[in-house]
Novice: 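Before I ask anything, let me first share the structure, which is written out below as structure tokens.
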Amino acid sequence: PVEVDPEDMVRFAMEKPAYMAQYSVSDAVATFYLYEKYVHMFIFSLATIIPMNPEDVLRKGSGTLCETLLMVQATQKAIICPNKQVEPHAKFHNGHLIASEAYIG
């Protein structure tokens, strides 16, 4: 792979665009092989045990993935789970947004 010092990248882009294009291709190939070796099978393994598409597995956070896996396991074992509590995003009083609900009195 072609190596370029980060401090030289802008200068090389102006002075040696062909060299920087070669660096860009080299970097893309290295990134692809790292993805293939370490990430690809992990994503599809998660998508196998968690009932989500691979795209959804990539977009969700670890907490959501863990919660989904727990819900799947609970369903398989016939364990009842409570509904997820959802807080309203904004509260209003007389048509005005309440920034803080602290009582001042």
Novice: Could you check if a side-chain atom of E3 sits within less than 4.5 angstrom of a side-chain atom of Y23, using non-hydrogen atoms only?
Specialist: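 Heavy-atom side-chain distance check fails, nothing below 4.5 Å.
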Novice: Cluster question for you: counting only ILVMFWY and a side-chain heavy-atom cut-off of under 4.5 Å, with indirect links fine, are V25 and Y19 together?
Specialist: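 Unlinked, V25 and Y19 end up in two clusters.
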Novice: Give the cluster check for V57 versus L69: same hydrophobic cluster or not, with ILVMFWY residues linked at side-chain heavy-atom distances below 4.5 Å.
Specialist: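 As far as the 4.5 Å side-chain criterion goes, L69 and V57 are connected within one cluster.
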Novice: Provide the full list of ring pair (Phe, Tyr, Trp, His ring centres under 6.0 Å) pairs with a residue in residues 65-85, sequence neighbours left out, each pair given once.
Specialist: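 Every candidate ring pair (Phe, Tyr, Trp, His ring centres under 6.0 Å) pair involving residues 65-85 fails, so no pair, neighbours aside, qualifies.
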Novice: Can you tell if the side chain of E36 reaches within under 4.5 Å of the side chain of F32, non-hydrogen atoms only?
Specialist: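 Answer yes - side chains close enough.
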Novice: Would you say CD of E7 has more than 12 non-hydrogen atoms from neighbouring residues, nucleotides or ligands within 6.0 angstrom?
Specialist: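 Check fails, neighbour count at 12 or below.
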Novice: Mind jotting down which residue pairs meet the ring pair (Phe, Tyr, Trp, His ring centres under 6.0 Å) criterion with at least one end in residues 42-69? Sequence neighbours excluded, please.
Specialist: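 Non-adjacent pairs meeting ring pair (Phe, Tyr, Trp, His ring centres under 6.0 Å): H40-F44.
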Novice: Looking at side-chain heavy atoms only, is the closest gap between L65 and M52 below 4.5 Å?
Specialist: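 Yes, close enough: below the 4.5 Å cut-off.
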Novice: Check A90 against F92 and note the closest heavy-atom contact, atom names and distance.
Specialist: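 Closest approach of A90 to F92: CB-CE1, 4.0 Å.
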Novice: Check whether any side-chain N or O of T31 sits under 3.5 Å from a backbone N or O of D27 as a donor-acceptor pair, and report yes or no.
Specialist: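 Present.
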Novice: Using 0.5 Å steps for rounding, measure from the CG atom of L46 to the CG atom of D56.
Specialist: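 The CG atom of L46 sits 12.5 Å away from the CG atom of D56.
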Novice: With rounding to the nearest 0.5 angstrom, report the CD to CD1 distance, E67 to I50.
Specialist: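 Between atom CD of E67 and atom CD1 of I50 there are 11.0 Å.
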Novice: For the OG1 atom of T48 and the CD1 atom of I43, what is their distance to the nearest 0.5 Å?
Specialist: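 If we round to the nearest 0.5 Å, T48:OG1 and I43:CD1 are 11.5 Å apart.
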Novice: First locate atom OG1 of T68, then atom NZ of K60, and finally report the distance between them rounded to the nearest 0.5 Å.
Specialist: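 The NZ atom of K60 is 7.5 Å from OG1 of T68, to the nearest 0.5 Å.
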Novice: Is there a side-chain contact between S45 and I49 in this structure, where contact means two heavy atoms from C-beta onward sitting under 4.5 Å apart?
Specialist: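 No - every pair of side-chain heavy atoms lies 4.5 Å or more apart.
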Novice: Supply the atom-to-atom distance T64 OG1 to M71 CE, rounded to the nearest 0.5 angstrom.
Specialist: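 Rounded to the nearest 0.5 Å, the OG1-CE separation comes to 12.0 Å.
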Novice: Taking the side chain as everything from C-beta on, heavy atoms only, tell me whether D5 gets closer than 4.5 Å to F12.
Specialist: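 No, side chains not in contact.
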Novice: Does any N or O in the side chain of S24 come within less than 3.5 Å of the main-chain N or O of M20, such that one atom is a donor and the other an acceptor?
Specialist: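 Such a contact is absent between S24 side chain and M20 backbone.
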Novice: Would you say Y35 ends up clustered with L58 if hydrophobic residues are merged whenever their side chains have heavy atoms under 4.5 Å apart, either directly or through other cluster members?
Specialist: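 L58 clusters together with Y35.
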